[in-house]
Amino acid sequence: MTIDTAALRAEQLAKASGVICRDDFGAEPLQLIAGADVGFEQDGEVTRAAFAVLRYPSLELVEYRIARIETQMPYIPGFLSFREAPALLAAWAMLGHHPQLVVVDGHGRSHPRRLGVASHFGLLADVPTIGVAKRRLCGKFEPLAPEAGALQALRDKEEQIGWVWRSKVRCNPLFISTGHRVSLPTALSFVQSCMRGYRLPEPTRWADAIASRRPAFQRWLKEHPQSDAQ
DNA sequence: GCGACAG
DNA sequence: ATCTTGTCGC
């Protein structure tokens with residue numbers, strides 16, 4: 001299987017033009033927020049997407065879902081969304097709750113052609129999304145102060161494509177950007193309101209814990225025996 | 001031409 | 001992303 005990156009590149013530009021960078025969700029206050037994370041199994045043959053739905057602003061877990069599908073594409077920097085979006089859509093379709101906002105592990109508009117996974121998924125599912133990545137893909141930023149809360153704009157040319165924010169001391173910063181239907185200022189404030197003492201915001205931290213069967217999740221399972229979260 | 005390069 | 005235990009530091 002050989003990949004026509006020129007065609008994918010054109011598709012990215014076309015889709016990126018449909019991405020909305022303003023706040024565009026209901027007037028009702030946010031009640032459900034979700035976190036999404038993608039991983040791989042069986043030497044990459046299987047793609048696994050996990051969603052964690054949390055009540056907002058309490059951030060308690062109310063539902064989680066995991067979808068596993070056959071991997072469609074290899075990993076190519078800049079084209080991650082084509083590899084991860086199918087599994088995300090499959091897991092999204094399994095949800096019983098309908099979160100008004102999704103925090104995706106990965107970049108949103110802070111992408112060379114402005115279509116990171118968070119934007120691509122948000123567009124396909126037509127849901128507001130925010131991208132929270134652990135590493136930079138493109139853009140430049142001024143040195144970040146060492147203390148928690150330090151903030152810098154992530155810029156590409158003249159345009160601001162995201163934020164570089166140190167969520168915790170002695171931890172590498174997070175790269176926050178608009179996914180779809182969320183403005184840059186709003187993206188930052190929602191992420192900040194989802195922190196509970198860890199480097200990652202709760203939605204994404206839960207999605208990762210669930211997908212990787214982390215101790216924190218195992219503990220939650222024992223504490224919620226009769227839960228209908230799944 | 002050279003280096004960078006989410007998950 | 002994934003393979004993986006202990007270990008150093010606050």
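First the proteins, then the strands, lettered A, B, ... as listed; each starts at 1. Worth knowing before you read on, the calculation uses all heavy atoms, side chains too, and leaves out hydrogens, waters and symmetry mates.
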task = Determine yes or no for a side-chain-to-main-chain donor-acceptor pair under 3.5 angstrom, with Q72(A) supplying the side chain and P86(A) the backbone.
result =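 Flag not set: sc Q72(A) to bb P86(A) has no pair under 3.5 Å.
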What's [X] touching, base or sugar-phosphate or nothing? Going by heavy atoms closer than 4.0 Å.
{"X": "G39(A)", "result": "sugar-phosphate"}
{"X": "D43(A)", "result": "nothing"}
{"X": "F79(A)", "result": "base"}

message = Let's see if you can work this out: which of dG7(B), dC5(B), dA6(B) has an atom nearest to the side-chain heavy atoms of R136(A)?
response =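 Between dG7(B), dC5(B), dA6(B), the one nearest the side chain of R136(A) would be dC5(B).
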key: Nucleotide nearest D37(A) (side chain, heavy atoms from C-beta), chosen from dG7(B), dA4(B), dA6(B)   =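 Of the candidates, dG7(B) comes closest.
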Taking atom [atom2] of [N] as reference, at what distance in whole Å does atom [atom1] of [X] sit?
{"X": "R135(A)", "N": "dC5(B)", "atom1": "CZ", "atom2": "P", "result": "7 Å"}
{"X": "L174(A)", "N": "dA6(B)", "atom1": "CG", "atom2": "C1'", "result": "12 Å"}
{"X": "D208(A)", "N": "dA1(C)", "atom1": "CG", "atom2": "P", "result": "7 Å"}
{"X": "L200(A)", "N": "dG7(B)", "atom1": "CG", "atom2": "C1'", "result": "13 Å"}
{"X": "Q72(A)", "N": "dG7(B)", "atom1": "CD", "atom2": "P", "result": "21 Å"}
{"X": "K134(A)", "N": "dA6(B)", "atom1": "NZ", "atom2": "C1'", "result": "9 Å"}
{"X": "F40(A)", "N": "dT2(C)", "atom1": "CZ", "atom2": "C1'", "result": "10 Å"}

inquiry  = One pair to check against salt bridge (charged side-chain N to carboxylate O under 4.0 Å, His left out): E202(A) and R196(A). What are the steps and the verdict?
reply    = CA-CA 7 Å; E202(A) 294 299 291; R196(A) 287 295 186 278; over 6 Å; no
ask   = Does the side-chain ring of Y75(A) lie flat on the base of dA1(C), meaning centres under 5.5 Å and planes less than 30 degrees apart?
value =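 No; centroid distance or tilt outside limits.
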message = Does dC5(B) have OP1 or OP2 under 4.0 Å away from a side-chain N or O of R113(A)?
response =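 Checking R113(A) against dC5(B): no side-chain N or O falls below 4.0 Å of OP1 or OP2.
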key: Whether F51(A) and F121(A) hold their rings parallel, tilted or perpendicular, with breakpoints at 30° and 60°   =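 Rings of F51(A) and F121(A): tilted, as their planes differ by 30° to 60°.
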key: F190(A) ring center within less than 6.0 Å of Y56(A) ring center   =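 Between Y56(A) and F190(A), the centre distance is under 6.0 Å.
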